[in-house]
Every structure is written in structure tokens, then in C-alpha cells.
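Structure record follows, encoded as C-alpha cells.
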Amino acid sequence: MIEILNSARLERARDTGALVGGILHTLKTRTTVGTNLLDIDQWAKEMITEAGAQSCYVDYAPSFGRGPFGHYICTAVNDAVLHGLPHHYTLADGDLLTLDLAVARGGVAADAAISFLVGAARPAESVAMIETTERALAAGIAAAKPGARIGDLSHAIGTVLTEAGYPINTEFGGHGIGSTMHQDPHIANTGRPGRGYKLRPGLLLALEPWVMADTAALVTDADGWTLRSATGCRTAHSEHTIAITDNGAEILTLPTQVRP
């Protein structure tokens, strides 16, 4: 299913996107050396509930996971990259943490992810990997405009990732979003320009470049959810929900203070 939002629903999407961006911003500022992943999940639950929103994850049970997910946020550390199931783990200095959050409010969902280093340590390879996913995300957003095709976005993202030397996995990528979290079209993190669905104003997309340092192969953790790099290398993931407008892409999930 592909949804095209009218102006009223687009305004609700802006509201939900601001909430997601605000929660992620707050979680990042609270997270320090010694923070437990389960604390982050509890903080996310509290902010989502207080905002009158609904988690897109708690009851989520797709074919690729051992569902339902049962938590409010994905927390992926170091070699974990996607669908990180929160568990009892205390963050250490230099850990690379990805937080991935999707909520719905007013009947419209928004989805975003950030990767950052915990504490004072700044391993150069990890910094470069995070920055590369952010640059790839910016390139994909810049390519998103009415009349462009999904392949144009995939090509823009993939060009940045490939030029930086990272292998690209195409099993998981970006996606349409609207009344539900995951919709068509699928947006691979590499592709050929001029191919695929043509973008229209009112379309919501979640773009999410993610990479693993030296492999494109994933393995599933024993928890049935967390996806890790097959070699144990570090990973990074950046994501925004955008709206296609007459003037191009509008980023809905920018980091802001939580909107009540």
C-alpha cells in the first residue's frame, strides 16, 4: 500500500515527526556511560505515553522477527545494526549506540534513527562510519522531489556509501510510511536512477542508510530480533521521515525539544 496524505494529515505527520525527533534528542542527551539499555526503553515508553502517542514496536510481529517485539525502541550496540532488542546491558565508554524509534499519533506514524558514541572516546573509524550514513541520508533527501523516482534516491544514497568503501546490504532499507510504520515503496540503499515509483506531493518516506564496516552479511541474534554484522564489526544507521512537497523534501523528524 502507498498512501498520499492530504494537507490535514500532512500536518499530523509534522506533529508526529517532531515528537519522534524530540524523543530521540532527549534520549541522546540522557544516555551516558553506565546507562542501561532497559532504562532507555523505559524513558521512551514514558515520553510516548505522556505525549498521547502509540508505539509502533510493542505489538510489532513481522515474519523476520520473533514477535511481538515487546519494547518501545530499538537499541543496537556496536556490531548490532537493526531491530536491536533492549536488554540488560550497561553502556561503556566508546560504545557505538543506535536508537531507532517509530511512533504514531493522530493516525500518522513517523520513524527515525540516530547513531552516536557514548562517553568521551571517539574511535576514528566509528566517527567516519556515522558521518557517512548521515551524508548518505542527506544525499537521499536532496534527491527526493516530485517527479523523481525511488531509484534516484537509492542511487544517491548508494553512491555516498560506496565511495566511502562500505559494502551495502539490500535486504533492509527505507520504506513508505503513513497510517502504518512500514509501507511500500521499498527504498534500497543502492540502486539505478530513473527506476521505480515516481514521487508525488503528499508521499511520506523513511530513508535509512545503514552500513557495517567490512561486510554486507547479517546474522540474527539468539533473541530472534537483533541483526548483527556477520564478522562482528561495528555498524551505523541514520534515518529520517520526510514528506514530499511541491518544493522538494521536508524533513519531519529533526531533533527538537519534545512537542507536548
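Between the side chains of D95 and Y89, at least one donor N or O sits under 3.5 Å from an acceptor N or O. Using modelled atom types and a 3.5 Å distance limit, the side chains of H237 and S115 yield no donor-acceptor pair.
With ring centers used as reference points, F69 lies under 6.0 Å from Y57.
Pairing each heavy atom of A80 with each of R228, the nearest pair is CB-NH1, 3.6 Å. Closest approach of T16 and V108 over heavy atoms only: OG1-O, 3.1 Å. When all heavy atoms of L27 and W43 are compared, the closest pair comes out as CD2-CB, 3.6 Å. Closest approach of L137 to P209, counting heavy atoms only: N-CG, 3.5 Å. Minimum interatomic distance between A44 and Y72 (heavy atoms only, all atoms of both residues): CB-CB, 4.3 Å. Summarising the geometry of P86 relative to I73, their closest heavy-atom pair is CG-O, 3.1 Å, with the distance given to 0.1 Å.
Here the straight-line distance linking atom CD of E3 with atom OG1 of T180 works out to 6.0 Å at 0.5 Å rounding. Remark: Q183 CD to M181 CE distance equals 10.5 Å, nearest 0.5 Å. For the atom pair N189 CG and L153 CG, the distance stands at 10.5 Å (nearest 0.5 Å). One finds the CG atom of L24 at 8.0 Å from the OG1 atom of T253 (value rounded to the nearest 0.5 Å). Put simply, OG1 on T32 and CG on D39 are 9.5 Å apart, with the number rounded to the nearest 0.5 Å. Within the model, atoms CG of L101 and CG of D111 stand 7.5 Å from one another, a figure rounded to the nearest 0.5 Å.
Side-chain N or O atoms of R105 include none that pairs as donor or acceptor with a backbone N or O of I48 at under 3.5 Å. Looking at T215, its side chain never comes within 3.5 Å of a backbone N or O of S229 through a donor-acceptor pair. Here the side chain of D93 pairs a donor or acceptor atom with the backbone of A120 at under 3.5 angstrom. Between the side chain of N169 and the main chain of A217, no donor-acceptor pair closer than 3.5 Å is present. With hydrogens and angles ignored, the 3.5 Å screen pairs no side-chain donor or acceptor of W210 with any backbone N or O of T133. Remark: the backbone N or O of R234 is not paired with any side-chain donor or acceptor of D79 at under 3.5 angstrom. Counting only distance, with no hydrogens or angles, the side chain of E250 and the backbone of T245 share no donor-acceptor pair below 3.5 Å.
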- Task: Under the side chain to side chain contact (heavy atoms under 4.5 Å, CB included) rule, what do T132 and V211 come out as? Steps first, then yes or no, please.
- Result: CA-CA 9 Å; T132 297; V211 294; 5.7 Å; no
- Task: Could you walk me through whether L85 and D221 pass the side chain to side chain contact (heavy atoms under 4.5 Å, CB included) test, one step at a time?
- Result: CA-CA 9 Å; L85 193 73; D221 195 82; over 6 Å; no
- Task: For side chain to side chain contact (heavy atoms under 4.5 Å, CB included), just list the numbers for H71 and L38, CA-CA rounded to whole Å, side-chain angles, deciding distance to a tenth of an Å, and then say yes or no.
- Result: CA-CA 9 Å; H71 290 270; L38 293 176; 4.1 Å; yes
- For T35 and I40, run side chain to side chain contact (heavy atoms under 4.5 Å, CB included): C-alpha distance rounded to whole Å, both residues' side-chain angles, the deciding distance at 0.1 Å, then the answer. CA-CA 8 Å; T35 298; I40 297 174; 3.7 Å; yes
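Within the 4.5 Å cutoff, the side chain of H182 has no heavy atoms near those of the C56 side chain. At a threshold of 4.5 Å between non-hydrogen side-chain atoms, the residues T226 and H87 do not count as touching.
Ring planes of F172 and F64: perpendicular class, angle over 60° (limits at 30 and 60°).
Residue L82 is not grouped with residue V77 when hydrophobic side chains (ILVMFWY) are merged at heavy-atom distances under 4.5 angstrom, including chains of intermediate members. Taken together through direct or relayed side-chain contacts under 4.5 Å among Ile, Leu, Val, Met, Phe, Trp and Tyr, L254 and L207 form part of one hydrophobic cluster. Note on Y166: it does not cluster hydrophobically with V81, by side-chain heavy-atom contacts below 4.5 Å among ILVMFWY residues. By the criterion of side-chain heavy atoms lying less than 4.5 angstrom apart, applied directly or through intervening Ile, Leu, Val, Met, Phe, Trp or Tyr residues, I23 is grouped together with L37 in one hydrophobic cluster. Cluster membership check: I242 shares its hydrophobic cluster with L203, using side-chain heavy-atom separations under 4.5 Å among Ile, Leu, Val, Met, Phe, Trp and Tyr.
Atom CG of D214 sits in a crowded spot, with more than 12 heavy atoms from other residues, nucleotides or ligands closer than 6.0 Å. Surrounding CZ of R192 are at most 12 heavy atoms belonging to other residues, nucleotides or ligands under 6.0 Å away.
For residues 141-161, no residue pair satisfies the side chain to side chain donor-acceptor pair (under 3.5 Å) rule, not counting sequence neighbours.
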